[in-house]
Amino acid sequence: MALPILNSAKYTVVIPSTGTEIEYRPYTVKEEKILLIALESKDQKMVLRSLKDVISVCVTQEINVDDFTLFDFETIFLALRSKSVGEVVDLQLKCEDEECNGVSPVQVNLEEIKLTDMPESNTIFIDKKVGIIFKYPSVSIVEKYDQENAMENAFDMIVSCIQEIFDEENVYDAKEETKQSLVDFVESLNTQQFAKVSEFFKSVPTLAHDVEFKCITCGKENNLELKGLQSFFT
């Protein structure tokens, strides 16, 4: 005789980049096991693949996770984690005092974590005549890189996120250009122009939350800003 199948509750979350709503169910023990194994491996790419797999099976609509911006992806998983395991997560946070090696237990309510503000525009004018339209880094773009060679990866990501380049007379679709031509264009920017580009990528939304706690070792009052999905699951 077949055992009964439990029905899961359904929830919705709004995708920040589009404002559309998607429906999802909490993940199961089987899916949580996949996540825990990935987290224990400390392999960033394995963790990302596991998160993608869990989101894909828990969202009830047909989606392509690779197409989500990274901040859409973070928002969806945060909502999924909150409804699957609970709103409160236990963290171990290091004291800001450089002479103190203390680590303190801190609880964070996932419902209180918000995305930082969206940039006013994804169009960057590098001078009076020439501009670049960027797309936000997607999951598929981020997945290509690891934490090694951070400078090279950051530059490559900027190139991968170019959507269009325009001047007074023409619009150049990045899809129709070779990667080398895009690399040559970015490398031709002067320091001030490249700083404008870098500033845009620094302003891409991410999960953030201010945490105040008293160090259990030295008693120092700490005020930390946690940013990015990984900050809330370490």
Side-chain angles (χ1 to χ4, degrees), residues 12-24 27 34-35 38 43-81 113-124 131-166 171-183 185-186 194 196-208 227-233:
T12 58
V13 60
V14 174
I15 301 175
S17 67
T18 63
T20 58
E21 193 174 73
I22 60 172
E23 185 181 72
Y24 67 94
Y27 54 73
I34 294 172
L35 293 174
D43 182 323
Q44 186 176 2
K45 290 192 174 183
M46 183 177 177
V47 171
L48 185 56
R49 285 195 298 269
S50 298
L51 293 174
K52 286 172 53 179
D53 290 344
V54 170
I55 288 175
S56 294
V57 298
C58 290
V59 172
T60 58
Q61 291 104 311
E62 186 174 340
I63 59 170
N64 185 344
V65 179
D66 287 329
D67 291 341
F68 285 130
T69 69
L70 188 59
F71 57 88
D72 288 335
F73 181 80
E74 291 181 337
T75 300
I76 294 168
F77 185 74
L78 187 73
L80 185 56
R81 164 62 174 78
I113 300 170
K114 305 297 181 185
L115 273 182
T116 55
D117 293 336
M118 296 278 288
E120 293 183 3
S121 174
N122 61 338
T123 299
I124 307 300
I132 308 172
I133 300 176
F134 286 104
K135 56 189 175 184
Y136 295 112
S138 67
V139 174
S140 61
I141 289 176
V142 173
E143 193 173 16
K144 296 177 184 177
Y145 309 109
D146 52 38
Q147 292 180 329
E148 297 179 7
N149 304 315
M151 183 67 70
E152 181 180 342
N153 289 342
F155 183 88
D156 208 31
M157 186 177 296
I158 287 172
V159 172
S160 297
C161 289
I162 296 175
Q163 184 170 319
E164 293 178 347
I165 299 170
F166 62 89
V171 176
Y172 308 90
D173 190 334
K175 294 179 181 178
E176 299 177 0
E177 304 294 330
T178 65
K179 181 177 179 179
Q180 189 57 53
S181 67
L182 296 172
V183 169
F185 174 81
V186 175
F194 190 74
K196 293 180 181 180
V197 172
S198 299
E199 196 59 37
F200 168 77
F201 281 89
K202 290 178 183 177
S203 68
V204 170
T206 187
L207 298 174
K227 299 187 73 172
L229 184 65
Q230 71 281 0
S231 297
F232 302 99
F233 300 99

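Predicted, not measured: the structure shown is a model, and the values here were computed from it.
Two residues are said to be in side-chain contact when any heavy atoms from C-beta on lie closer than 4.5 Å; P119 and P205 meet this criterion. Side-chain contact check for T123 versus E164: every heavy-atom pair is 4.5 Å or farther apart. Taking the side chain as every heavy atom from C-beta outward, F155 and V183 approach each other to under 4.5 Å. A 4.5 Å side-chain heavy-atom check between I76 and F68 finds at least one atom pair inside the cut-off.
One finds the CD atom of E143 at 11.0 Å from the CG atom of L70 (value rounded to the nearest 0.5 Å). Between the CZ atom in R49 and the CG atom in D53 there is a gap of 8.5 Å [rounded to 0.5 Å]. The CD atom of E177 sits 6.0 Å away from the CG atom of L182 when rounded to the nearest 0.5 Å. Here OG1 of T75 is found 10.5 Å from CD1 of I113. Values are rounded to the nearest 0.5 Å. From S138, atom OG reaches atom NZ of K144 across 7.5 Å, with rounding to the nearest 0.5 Å. Taken from CD1 in I22 to CD1 in I55, the straight-line distance is 8.0 Å, to the nearest 0.5 Å.
For the side chain to side chain contact (heavy atoms under 4.5 Å, CB included) test with K135, the passing option among I141, T69, I162 is I141; the others fail. Applying the ring-ring contact (aromatic ring centres under 6.0 Å, His included) test between Y136 and each of F201, F71, F73 identifies F71 as the sole match. A side chain to side chain contact (heavy atoms under 4.5 Å, CB included) with D72 is found for exactly one of I15, D67, V65, namely I15.
Residue I63 comes nearest to S56 through the heavy atom pair CD1-CA, 4.5 Å, listed as atom of the first residue, atom of the second, then distance. The two atoms that bring C58 and L80 nearest to each other are CB-CD1, 3.9 Å, heavy atoms only.
Applying the side-chain contact (heavy atoms from CB on, under 4.5 Å) rule to E21 yields the partners T12, V14; only residues at least two apart in sequence or on another chain are considered. With sequence neighbours excluded, the residues that form a side-chain contact (heavy atoms from CB on, under 4.5 Å) with T206 are E74, T116, K227.
Aromatic ring pairs are classed by plane angle as parallel below 30°, tilted from 30° to 60° and perpendicular above 60°; the pair F134 and F200 is parallel. Taking the six-membered ring for Trp and thresholds of 30 and 60 degrees, F77 and Y27 have nearly parallel ring planes, at less than 30 degrees apart.
At distances below 3.5 Å, at least one donor-acceptor pair connects side-chain atoms of Q61 with backbone N or O atoms of E23.
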### Test side-chain contact (heavy atoms from CB on, under 4.5 Å) applied to L207 and L115, step by step
CA-CA 4 Å; L207 298 174; L115 273 182; 3.8 Å; yes
### Task
Start with the C-alpha gap between V197 and V186, add the side-chain angles, then the distance that decides, and say whether side-chain contact (heavy atoms from CB on, under 4.5 Å) holds.
CA-CA 9 Å; V197 172; V186 175; over 6 Å; no
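Annotation: E120, atom CD; neighbour count of heavy atoms from other residues, nucleotides and ligands within 6.0 Å does not exceed 12.
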